[in-house]
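Just so it is clear, the model here is predicted, and its values are computed rather than measured.
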Amino acid sequence: MTARGRITLGVLIDSLGADVVRPLALPHGREPLAGSPVIYDPEEPQTGLDGAVLLVSGRPSAEILARAGESGVAVVVVKPGTCDEQALATAAKAAGVALLAAPADLSWGQLYTLVDALLAMVAPAEDPGAGRAADLFALANEVAVRVGGAVAIEDLAMRVLAYSTVEGQLIDDLRRQGILGRRVPEHPTNPEEYAAVLRSDGVVWSYEPREFYPRLAIAVRSHGEALGTIWAVQAEEPLAADAARVLAEAAAAAAPHLARINLAADEARRFRDECLGWLLRGVGAVDELATSFGLLPGEPVTVVTLGPYAGVADAFAASHVTDLLRTAYMAYRIRAATGVVNGRAYAIVAAEASAPLLRRITLDVLARVSERLGGSWRAGIGRTLASVAAVPAGARQAEEALRAVCGLFSQEPVGAHEELSAALFLMDVEAALRAKPSLSGAPLALVTAHDARHGTHYVHSLTVWIGAHYDVPRAAELLSLHPNTLRYRLRRIGELIALDDPDTRLVLALQLRLSGATKPGG
C-alpha cells in the first residue's frame with residue numbers, strides 16, 4: 001500500500017532489503033505509513049516529523065525513541081553498534097514507534113538517498129516539473145524534462161545520488177553502468193573532466209570519453225564550497241536552448257539536499273571511525289563492535305593499514321583511501337571494517353593474511369590511490385588473528401609492517417608482518433645506533449679513509465661483493481672486473497681490516513646495509 005508521498009513500513013522494509021534495514025521492533029505491524037527521511041539533530045526542535053523516517057546517527061537512546069514517538073515519527077533507524085538492541089526494541093515498543101537497524105558500513109547519506117529514491121519511485125509527492133522538486137530524484141526528472149536529456153546528480157566521490165527516469169530519453173552505457181552501480185565507472189579521462197567542471201562557475205561541455213554521448217555539467221555549490229555535480233546527456237537531439245540556465249537553477253535547488261547528505265555522511269563517518277578506533281584498541285564491547293561492522297567475533301581476521309610513503313595524509317586523502325578499500329572488499333564479497341584512525345586508513349578484514357586475493361586487492365587500491373591523489377602510498381598487513389579479541393596486536397603488527405615498507409630496508413609497496421622480520425630488525429638496530437659513532441666507525445671508517453687518501457674504490461667493491469653474498473665471480477661481473485683483479489683488491493683491503501674474521505665481515509655488512517649502501521642481491 002502507498003499514499004502520495006508515503007509508503008507502508010512493509011514496503012519500506014521489503015524494498016530496501018535485508019542488507020539495508022533489519023526490523024528490531026514493529027509495535028503496530030507493517031501497515032503504518034512512512035514518509036520522508038530526516039536526519040536527527042539534537043539541536044533542532046522535534047517538529048514537523050509526522051510520519052518521518054528518522055535517521056539517528058551517534059548513540060541512540062530510549063529518550064530519543066520516546067521523543068520520536070511523541071513527535072509522530074513513523075520509524076526510527078539506528079546502527080546498534082555499542083547499544084543494547086533488546087533495550088532499544090523495548091523502548092521503541094513503549095514509544096509506539098517502529099525501530100529498524102542499518103548496517104555499520106552503510107553511510108547515513110546513502111540511506112537517506114535510498115529512502116528518498118524509494119519514495120520518488122513508489123509514492124511520488126508531486127509530478128515532475130510541478131513547482132520546486134521535493135527531492136533529488138524529482139529534481140533530476142524535472143531538469144531532464146526541461147533540458148531534453150537524461151540527468152544524473154552526483155556527489156564529489158562520483159557516487160550517483162539521483163537520476164532521471166523520463167520515458168523515451170536515451171542514455172549510453174556509461175550512464176547505465178553509473179545507475180546500476182550507483183557510481184561513475186572509472187575511466188582515464190575522469191579526473192580532468194570532473195576537475196574542469198569543479199573549476200568553472202558555470203556549465204561545462206564534456207566530450208570525453210569519445211565513445212559516449214556528450215554531456216553538459218555544472219558544479220553544485222553552497223557558500224562557495226563544491227558539494228557535487230549535475231550532468232545532462234545530449235543524445236540524438238540537442239539539449240534545450242536554455243539548458244545552461246536550467247542547470248544553474250537545478251544546482252541551486254540541489255545544494256541544500258547535498259549539504260544535508262554530506263553532513264549526514266560526515267557524521268556517520270566520524271562515528272564509524274570512532275567505533276573502529278575502539279576495536280583497534282580493544283576498548284568497549286569488542287564482540288558487539290565487530291558484529292556492528294559485519295564481522296563474526298570468533299572468526300580469523302587480519303588488520304591492514306595504508307599510509308603515504310613520506311609525510312602524513314590529510315583527512316580527505318585518508319577518507320578517500322578508506323572508500324576505495326571498502327568498495328574493493330565489497331566487490332569481492334569480503335567482509336571488512338574500514339575507517340580512518342589517527343590519519344591512516346585501516347581495515348579489519350575477514351581473511352587470512354596470506355590470502356593472495358588480500359594482497360592483490362591492496363596492490364590495486366594502492367595503484368588507484370597513487371593515480372588519483374599522486375605521491376606514493378604503502379600498505380602493511382598484520383598476521384592472521386584467531387579472533388577480533390586479538391585485533392590490537394594485529395593493529396600493531398600492521399603498523400610495524402607499514403613502517404618497514406616505508407623504510408630503507410624494503411622495496412615493496414605492500415608488506416606482511418611475518419615476512420618483514422629482517423627489515424624490522426635492521427630498523428631497530430639503525431635506530432639504536434643512529435646517534436652513536438660506531439655506526440660509521442671502524443672497520444668501515446678505515447676503508448673509507450683509505451679511499452679518501454688514495455682515490456681507491458674499496459668501499460664500492462666491498463658493497464658489491466657483500467651484496468652478491470661474497471660470490472667473487474658474480475661481484476666481479478657486476479664491477480666489470482676480472483675475478484682475479486677483485487681477489488687482489490680484497491687481499492689489499494684485508495691488509496687494512498681483518499676481512500677473514502667473520503665478526504668483522506658481519507659488522508662491515510651491517511654498517512654498509514644500515515647506511516643504505518648495500519641492497520639484497522647486490
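With respect to Glu208 and Arg215, no salt bridge is recorded, no charged nitrogen being found less than 4.0 Å from a carboxylate O. Salt bridge present: Glu249 and Arg245 bring a charged side-chain N and a carboxylate O closer than 4.0 Å. Note on Glu412 versus Arg359: no salt bridge recorded, every NZ/NE/NH1/NH2 to OD/OE distance being 4.0 Å or above.
Contact check for Thr302 versus Leu385: no side-chain heavy atoms found under the 4.5 Å cut-off. In this structure, Val414 and Ile381 have side chains that are in contact, with non-hydrogen atoms separated by less than 4.5 Å. For the pair Leu402/Leu306, no side-chain contact is recorded, criterion being any heavy-atom separation below 4.5 Å from C-beta on. Proximity of Lys79 to Phe293: side-chain heavy atoms (C-beta onward) are nowhere separated by under 4.5 Å. Considering only heavy atoms from C-beta on, Leu216 comes within 4.5 Å of Leu239 through its side chain. Ile218 is not listed as a side-chain neighbour of Val204, based on a closest heavy-atom distance of 4.5 Å or more. Two residues are said to be in side-chain contact when any heavy atoms from C-beta on lie closer than 4.5 Å; Val405 and Pro413 fail this criterion. At a threshold of 4.5 Å between non-hydrogen side-chain atoms, the residues Leu100 and Val76 do not count as touching.
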* To do: Decide yes or no on side-chain contact (heavy atoms from CB on, under 4.5 Å) for Leu170 and Glu236, but give the supporting numbers first.
  => CA-CA 8 Å; Leu170 299 177; Glu236 304 302 329; 3.5 Å; yes
* Please lay out, stage by stage, how Leu247 and Val143 fare under the test side-chain contact (heavy atoms from CB on, under 4.5 Å). => CA-CA 7 Å; Leu247 282 186; Val143 175; 3.8 Å; yes
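No hydrogens or angles considered: a donor-acceptor pair under 3.5 Å links the side chains of Arg378 and Ser376. When only modelled atom types and interatomic distance are considered, Glu31 and Thr8 share no side-chain donor-acceptor pair under 3.5 Å. In this model, no donor atom of one side chain and acceptor atom of the other lie less than 3.5 Å apart for Gln234 and Tyr207.
Around the CD atom of Glu299, the shell of radius 6.0 Å holds more than 12 heavy atoms that belong to other residues, nucleotides or ligands. Other residues, nucleotides and ligands contribute only 12 or fewer heavy atoms inside 6.0 Å of the CD atom of Glu63.
Aromatic ring centres of Tyr163 and Trp231: separated by at least 6.0 Å.
Phe271 and Trp278 have perpendicular rings, their planes meeting at more than 60° on a 0 to 90° scale where under 30° would count as parallel.
Residue Tyr329 is tested with Thr338, Leu324, Val365 for a side chain to side chain contact (heavy atoms under 4.5 Å, CB included); the sole match is Thr338.
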